[in-house]
Amino acid sequence: MKIKTIFTALAVALMTAAALPTFANIPGEEVPKEIRAKQIEARIFEINRMDKSSLTQEQKQELRKEVKSLKKEAKRRGIYLSVGAIIIILLLLILILK
């Protein structure tokens with residue numbers, strides 16, 4: 001009976017694990033993720049150091065849009081695990097280690 005429960009839990013975990021997103025896949029990406037993250041950080045730091053008093057309103061808007069898009073790109077470059085997946089993994093570990 002115990003083996004049947006282990007196999008059932010394992011099957012459920014494998015089915016849900018197949019649907020979980022892992023690293024964000026950006027088409028045409030050629031730069032390694034660590035290098036791109038450093039590039040994003042450097043660009044945001046450079047924008048923050050700029051003297052924005054001499055810029056026009058349109059230029060300031062473009063900079064804000066660029067910073068927003070860079071921050072979104074930086075957030076997409078991570079591992080995503082749902083709460084349900086974490087609970088299932090914990091349950092499996094408890095079942096296996098008992």
Side-chain angles (χ1 to χ4, degrees):
M1 186 70 176
K2 184 172 177 135
I3 292 178
K4 185 177 179 181
T5 12
I6 290 174
F7 281 126
T8 305
L10 186 60
V12 170
L14 288 175
M15 284 185 222
T16 56
L20 293 175
T22 54
F23 284 104
N25 189 11
I26 300 171
E29 180 180 302
E30 298 168 1
V31 179
K33 294 182 181 191
E34 296 83 19
I35 294 173
R36 182 61 184 149
K38 289 185 186 213
Q39 289 173 344
I40 291 172
E41 183 181 348
R43 180 63 181 145
I44 290 176
F45 185 68
E46 180 183 334
I47 290 173
N48 286 336
R49 287 188 327 193
M50 284 176 127
D51 179 26
K52 297 176 191 87
S53 62
S54 61
L55 298 176
T56 64
Q57 187 66 26
E58 292 82 23
Q59 291 171 333
K60 288 179 184 178
Q61 260 183 341
E62 287 177 26
L63 281 177
R64 279 194 295 269
K65 286 180 184 179
E66 183 180 357
V67 168
K68 276 186 179 181
S69 68
L70 287 173
K71 286 184 178 182
K72 283 181 185 178
E73 183 181 347
K75 282 184 181 180
R76 283 195 319 244
R77 298 177 173 274
I79 297 176
Y80 303 100
L81 282 178
S82 67
V83 175
I86 294 172
I87 291 172
I88 290 173
I89 291 170
L90 289 174
L91 288 174
L92 278 175
L93 288 174
I94 291 170
L95 287 173
I96 290 172
L97 297 175
K98 253 187 171 180

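Numbers here simply count residues along the sequence, with the first being 1. The figures here come from the full heavy-atom set of this structure, side chains too, leaving out hydrogens, waters and symmetry mates.
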Is the number of heavy atoms from other residues, nucleotides or ligands within 6.0 Å of NZ (Lys38) greater than 12? no

Measure the CD1-CG distance between Ile96 and Leu91 for me, rounded to the nearest 0.5 Å. 11.0 Å

When every non-hydrogen atom of Leu55 is compared with those of Lys60, the smallest separation belongs to O-CE, 3.7 Å

Is Glu46 salt-bridged to Arg43, cutoff N-O under 4.0 Å? yes

From Ile44 atom CD1 to Glu66 atom CD, the distance as rounded to the nearest 0.5 Å: 9.0 Å

Derivation and outcome, side-chain contact (heavy atoms from CB on, under 4.5 Å), residues Lys71 and Val67: CA-CA 6 Å; Lys71 286 184 178 182; Val67 168; 3.8 Å; yes

Does one hydrophobic cluster hold both Leu70 and Met50, with members joined at side-chain heavy-atom distances below 4.5 Å? no

Check this for me: Glu41, atom CD, are more than 12 non-hydrogen atoms of other residues, nucleotides or ligands nearer than 6.0 Å? no

Looking at OG1 of Thr56 and CD of Glu62, how far apart are the two atoms once the value is rounded to the nearest 0.5 Å? 7.5 Å

Look only at the side chain of Lys52 and the backbone of Ile47, and say whether a donor-acceptor pair between them is shorter than 3.5 Å. yes

Quick check for you: to the nearest 0.5 Å, what is the distance between Leu92 atom CG and Ile87 atom CD1? 12.5 Å

